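Since we're looking at a predicted model, the values are computed, not measured.
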Amino acid sequence: MSIFTPTNQIRLTNVAVVRMKKGGKRFEIACYKNKVVSWRSGAEKDLDEVLQTNSVFVNVSKGQVAKKEDLCKSFGTDDLTEICKQILAKGDLQVSDKERQNQLETMFRDIATIVAEKCVNPETKRPYTVSLIERAMKDIHFSVNTNKSSKQQALEVIRQLKETMTIQRAHMRLRLVLPAKEAKRLKEKLKPLLQVVESEDFDENLEMMCLVDPGCFREIDELVRCETKGRGTLEVLSLKDVEEGDEKL
């Protein structure tokens with residue numbers, strides 16, 4: 001007895017399905033579990049590590065592959081790699097209710113952990129505990145978005161929490177050395193980007209110790225490098241200016 005498998009059917013196991021509706025039709029791709037979020041966050045760059053197959057389906061669980069004419073009509077191309085990328089970017093990841101709940105709870109905790117690591121109470125410079133940040137996130141009814149990375153959402157949480165509690169990103173402590181010739185002009189350009197200038201010493205060069213918001217670091221680095229043509233230096237003395245002990249509410 002022979003077993004016949006239709007050529008438009010592919011059987012896959014242990015699959016994470018991403019589904020997208022386009023042009024009135026449903027399309028699905030078969031991915032490896034945990035890889036979809038990695039791809040969307042930019043952590044995974046290799047498409048072959050994400051897709052179990054670069055086929056596009058109308059129904060992954062039944063193994064039914066989409067017709068070429070339907071793909072062309074809906075996506076304007078029959079390039080399977082390009083179509084898979086579109087579905088990966090804009091489609092909905094299909095998971096069971098239990099899996100989704102576990103994923104949301106894990107991500108909620110991850111976001112709170114990142115916020116706690118990055119932030120302090122600016123009045124005391126003490127960090128907040130993860131559990132306190134979690135309570136604050138629940139108070140503002142923050143909803144996790146599984147299509148965004150934990151880091152992206154942590155930055156959004158920080159912005160929202162600033163409206164309800166005393167919180168800010170912990171400052172970085174930098175040491176800047178600027179050549180005498182450019183020092184005065186460059187210091188004026190840097191001034192709006194520096195939160196606190198702790199000390200200044202003008203000898204052959206201008207040496208400054210200062211606290212800055214981490215979000216301004218790249219701009220400060222570029223200014224120093226470009227304006228001094230590589231003769232100035234920027235040194236990170238500490239990534240977080242914090243006091244010992246956790247903050248209590």
What distance do Arg109 atom CZ and Ser150 atom OG have between them, rounded to the nearest 0.5 Å?
-> 13.0 Å
Are Thr228 and Leu223 side-chain neighbours, meaning at least one heavy-atom pair lies under 4.5 Å?
-> no
Worked verdict on Lys85 versus Ile29 for side chain to side chain contact (heavy atoms under 4.5 Å, CB included) = CA-CA 10 Å; Lys85 284 181 179 178; Ile29 54 175; over 6 Å; no
Flag, side chain of Gln160 to backbone of Ile140, donor-acceptor distance under 3.5 Å | no
Is it true that a side-chain atom of Thr106 and a backbone atom of Gln103 form a donor plus acceptor pair closer than 3.5 Å?
-> no
Distance in Å, Lys191 NZ paired with Cys210 SG, rounded so as to fall on 0.5 Å steps | 13.0 Å
Taking the side chain as every heavy atom from C-beta outward, state whether Leu234 and Leu174 have any pair of such atoms under 4.5 Å apart.
-> yes
Under the 3.5 angstrom rule, does the side chain of Lys45 hit a backbone N or O of Gly42 as a donor-acceptor pair?
-> yes
Note: Arg135-Asp139 ion pair, threshold 4.0 Å (strictly below) = no
Measure the spacing between NZ of Lys25 and CG of Leu71 and express it to the nearest 0.5 Å.
-> 10.5 Å
Which residues satisfy the salt bridge (Lys or Arg N to Asp or Glu O under 4.0 Å) test with Lys189, sequence neighbours excluded?
-> Glu227
Tell me whether the guanidinium CZ or amine NZ of Lys22 lies under 6.0 angstrom from the six-membered ring centre of Phe75 and within 45° of its axis.
-> yes
Distance, nearest 0.5 Å, that separates CG of Asp221 from SG of Cys216 = 12.5 Å
For residues Asn205 and Glu182, determine if any side-chain heavy atom of one lies less than 4.5 Å from a side-chain heavy atom of the other.
-> no
Check for a donor-acceptor pair, side chain of Arg169 on one end and backbone N or O of Asp213 on the other, with a separation under 3.5 Å.
-> no
Less than 4.5 Å apart, any side-chain heavy atom of Gln153 and any of Asn145?
-> yes
Which of Leu178, Val177, Asp201, Leu186 passes side chain to side chain contact (heavy atoms under 4.5 Å, CB included) with Leu206? It is Leu178
Nearest heavy-atom contact between Ser74 and Gly23 is OG-CA, 4.1 Å
Check for a donor-acceptor pair, side chain of Gln101 on one end and backbone N or O of Lys98 on the other, with a separation under 3.5 Å.
-> no
Closest contact, heavy atoms only, Thr77 versus Asp79 | OG1-N, 3.0 Å
If you look at every heavy atom in Ala112 and Glu134, which pair is closest and at what distance?
-> CB-CG, 3.5 Å
Connected via hydrophobic side-chain network under 4.5 Å: Ile220 and Met209 = no
Hey, is the main chain of Val60 close enough, under 3.5 Å, to the side chain of Glu28 for a donor-acceptor pair?
-> yes
Looking only at atom types and distance, does a side-chain atom of Ser41 sit under 3.5 Å from a main-chain N or O of Ser38, one as donor and one as acceptor?
-> yes
At their closest point, which heavy atom of Phe57 faces which heavy atom of Gly63, and how far apart are they?
-> CD2-C, 4.0 Å
Other residues, nucleotides, ligands: >12 heavy atoms within 6.0 Å of Lys162 NZ = yes
Point-to-point distance, once rounded to the nearest 0.5 Å, from CD of Glu123 to CD of Gln168 | 9.5 Å
Group every Ile, Leu, Val, Met, Phe, Trp and Tyr by side-chain heavy-atom contacts under 4.5 Å, then state whether Val157 and Val130 land in the same group.
-> no
Kindly say whether Val58 contributes a backbone atom to a donor-acceptor pair with the side chain of Arg26 at under 3.5 angstrom?
-> yes
Walk me through it: do Cys84 and Val18 pass the test side chain to side chain contact (heavy atoms under 4.5 Å, CB included)?
-> CA-CA 9 Å; Cys84 286; Val18 180; over 6 Å; no
Begin from the C-alpha positions of Gln52 and Val15 and carry the test side chain to side chain contact (heavy atoms under 4.5 Å, CB included) through to its verdict.
-> CA-CA 8 Å; Gln52 291 214 17; Val15 178; 3.7 Å; yes
Just how far is it from atom CE of Met208 to atom CG of Leu194, taken to the nearest 0.5 Å?
-> 5.0 Å
Is it true that atom CD of Glu204 has more than 12 heavy atoms of other residues, nucleotides or ligands lying nearer than 6.0 Å?
-> no
Go through Thr233 and Leu176 one step at a time and tell me if the side chain to side chain contact (heavy atoms under 4.5 Å, CB included) criterion holds.
-> CA-CA 6 Å; Thr233 61; Leu176 302 174; over 6 Å; no
Given the rule that I, L, V, M, F, W and Y join up when any side-chain heavy atoms are under 4.5 Å apart, are Trp39 and Ile83 in one cluster?
-> yes
May I ask you to say whether Glu156 pairs ionically with Lys148, meaning some side-chain N is under 4.0 Å from a carboxylate O?
-> no
Tell me whether Leu211 is reachable from Leu237 by hopping between hydrophobic residues (I, L, V, M, F, W, Y) whose side-chain heavy atoms are closer than 4.5 Å.
-> no
Heavy-atom check, side chain of Lys138 versus side chain of Phe108, under 4.5 Å = yes
Taking every non-hydrogen atom, the tightest pair across Pro179 and Gly232 = CD-CA, 3.9 Å
So if you build clusters from Ile, Leu, Val, Met, Phe, Trp, Tyr with side-chain heavy-atom gaps below 4.5 Å, do Leu80 and Val50 land together?
-> yes
Looking just at side-chain N and O atoms, do Ser61 and Asn59 make a donor-acceptor pair shorter than 3.5 Å?
-> yes
Within-4.5 Å side-chain heavy-atom neighbours: Val120 and Tyr128 | no
Using the test ring pair (Phe, Tyr, Trp, His ring centres under 6.0 Å), find all partners of Phe142 that sit at least two apart in sequence or belong to another chain.
-> none
Does Leu193 offer a backbone N or O that forms a donor-acceptor pair with the side chain of Gln195 under 3.5 Å?
-> no
With a 4.5 Å limit on heavy-atom distance, are the side chains of Asp92 and Met20 in contact?
-> no
Salt bridge Asp78-Lys68, side-chain N to carboxylate O under 4.0 Å = yes
Pair Glu198 + Arg173, salt bridge at N-O below 4.0 Å | yes
Do Ile167 and Ile133 have side chains that get closer than 4.5 Å, going by heavy atoms?
-> yes
